[in-house]
Amino acid sequence: GVHLLLTTGGTGLSRRDVTPEATESVIERKAPGFSMAMLTKSLEITPLAVLSRSVSGIRGQCLIINLPGSLKASTECFQIVRPALQHALDLLRDSPAVAATHASMTTAELKHPHHSHAKHQHRSGSGHDDHHHHHHH
């Protein structure tokens with residue numbers, strides 16, 4: 001399916017600007033950082049950025065971001081969020097890249113001195129560690 005849905009327009013203050021409400025009605029979880037980043041950067045370009053009501057959120061494995069209506073503004077805003085999009089979509093998909101990142105974090109945790117003291121004591125009859133809490137999924 002679609003993993004990234006970018007809307008353009010309808011995020012202003014006029015009565016026909018209903019994109020944020022439509023987006024809020026379909027997302028399951030908010031992801032406000034995208035809208036905040038676009039707002040912060042857009043304010044450096046124009047004070048009128050305060051009029052944006054952009055909503056960003058997640059439905060299933062799909063990331064939905066409201067971009068502004070003008071071509072110039074939507075292009076600028078897309079460039080602002082673009083660096084984070086691949087990682088965001090990887091996280092939503094539970095891709096191998098993310099699993100590898102988490103695995104390396106878990107490995108680092110296993111090397112932590114606090115954990116290693118108890119690691120080789122208290123063998124159970126089966127020869128497995130009793131400390132199963134290391135395996136985070």
Side-chain angles (χ1 to χ4, degrees):
V2 178
H3 290 295
L4 177 62
L5 184 59
L6 301 172
T7 66
T8 54
T11 60
L13 300 187
S14 83
R15 286 181 59 174
R16 57 191 171 76
D17 288 330
V18 295
T19 306
E21 285 70 34
T23 303
E24 282 178 347
S25 72
V26 299
I27 60 175
E28 296 153 351
R29 297 185 289 155
K30 289 192 166 186
F34 294 96
S35 296
M36 288 170 66
M38 292 190 299
L39 179 60
T40 305
K41 288 291 191 185
S42 297
L43 280 169
E44 296 171 7
I45 302 166
T46 169
L48 294 179
V50 293
L51 302 177
S52 172
R53 301 188 306 115
S54 166
V55 168
S56 304
I58 297 151
R59 182 185 178 99
Q61 293 188 322
C62 181
L63 177 61
I64 305 172
I65 301 175
N66 296 163
L67 298 178
S70 84
L71 182 61
K72 176 180 181 290
S74 62
T75 304
E76 287 164 353
C77 283
F78 178 68
Q79 297 304 330
I80 292 163
V81 297
R82 192 171 71 165
L85 288 179
Q86 186 58 59
H87 189 60
L89 297 177
D90 284 346
L91 286 167
L92 289 178
R93 275 198 300 260
D94 267 339
S95 82
V98 173
T101 306
H102 288 185
S104 67
M105 285 162 63
T106 308
T107 307
E109 199 175 328
L110 289 175
K111 289 176 185 155
H112 193 281
H114 165 72
H115 294 299
S116 55
H117 288 312
K119 191 157 166 39
H120 297 296
Q121 296 153 16
H122 317 301
R123 288 295 214 190
S124 56
S126 63
H128 286 114
D129 272 325
D130 287 336
H131 301 277
H132 293 289
H133 60 269
H134 295 309
H135 304 286
H136 306 296
H137 289 294

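Below, each value reflects all heavy atoms present in this structure, side chains not excepted, and no hydrogens, waters or symmetry copies.
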| Between A22 and S25, what is the shortest heavy-atom contact and its length? |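 Where A22 meets S25 most closely, the heavy atoms are O-OG, 2.6 Å.
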
In terms of heavy-atom contacts, V2 and C62 come closest through O-CB, 3.4 Å

Give, for atom [atom1] of [X] and atom [atom2] of [Y], the distance between the pair rounded to the nearest 0.5 Å.
{"X": "L51", "Y": "S14", "atom1": "CG", "atom2": "OG", "value": "10.5 Å"}
{"X": "K30", "Y": "I64", "atom1": "NZ", "atom2": "CD1", "value": "13.0 Å"}
{"X": "T8", "Y": "L71", "atom1": "OG1", "atom2": "CG", "value": "9.5 Å"}
{"X": "L39", "Y": "E44", "atom1": "CG", "atom2": "CD", "value": "10.5 Å"}

Among L63, V81, L67, find the one that has a side-chain contact (heavy atoms from CB on, under 4.5 Å) with L6.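 With L6 as partner, side-chain contact (heavy atoms from CB on, under 4.5 Å) holds for just one option, L67.
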
Can you list, pair by pair, the side-chain donor-acceptor contacts under 3.5 Å of residues 52-59, counting residues two or more places apart and other chains?
from	atom 1	to	atom 2	distance (Å)
S52	OG	S54	N	3.2
R53	NE	G12	O	2.8
R53	NH1	E21	OE2	2.7
R53	NH2	D17	O	2.5
R53	NH2	E21	OE1	3.1
S54	OG	S35	OG	2.9
S54	OG	N66	O	2.8
S56	OG	S35	N	3.4
S56	OG	S35	OG	2.7
R59	NH1	V26	O	2.7

So L92 and H3, do their side chains get closer than 4.5 Å, heavy atoms only? no

- With a 4.5 Å heavy-atom cut-off, do Q79 and E76 have their side chains touching? no

When clusters are formed by joining ILVMFWY residues with side-chain heavy atoms under 4.5 Å apart, either directly or through shared neighbours, do [X] and [Y] land in the same one?
{"X": "F34", "Y": "L89", "answer": "yes"}
{"X": "V18", "Y": "L13", "answer": "no"}
{"X": "L48", "Y": "I45", "answer": "no"}

Are the side chain of T11 and the backbone N or O of P68 linked by a donor-acceptor pair below 3.5 Å? no

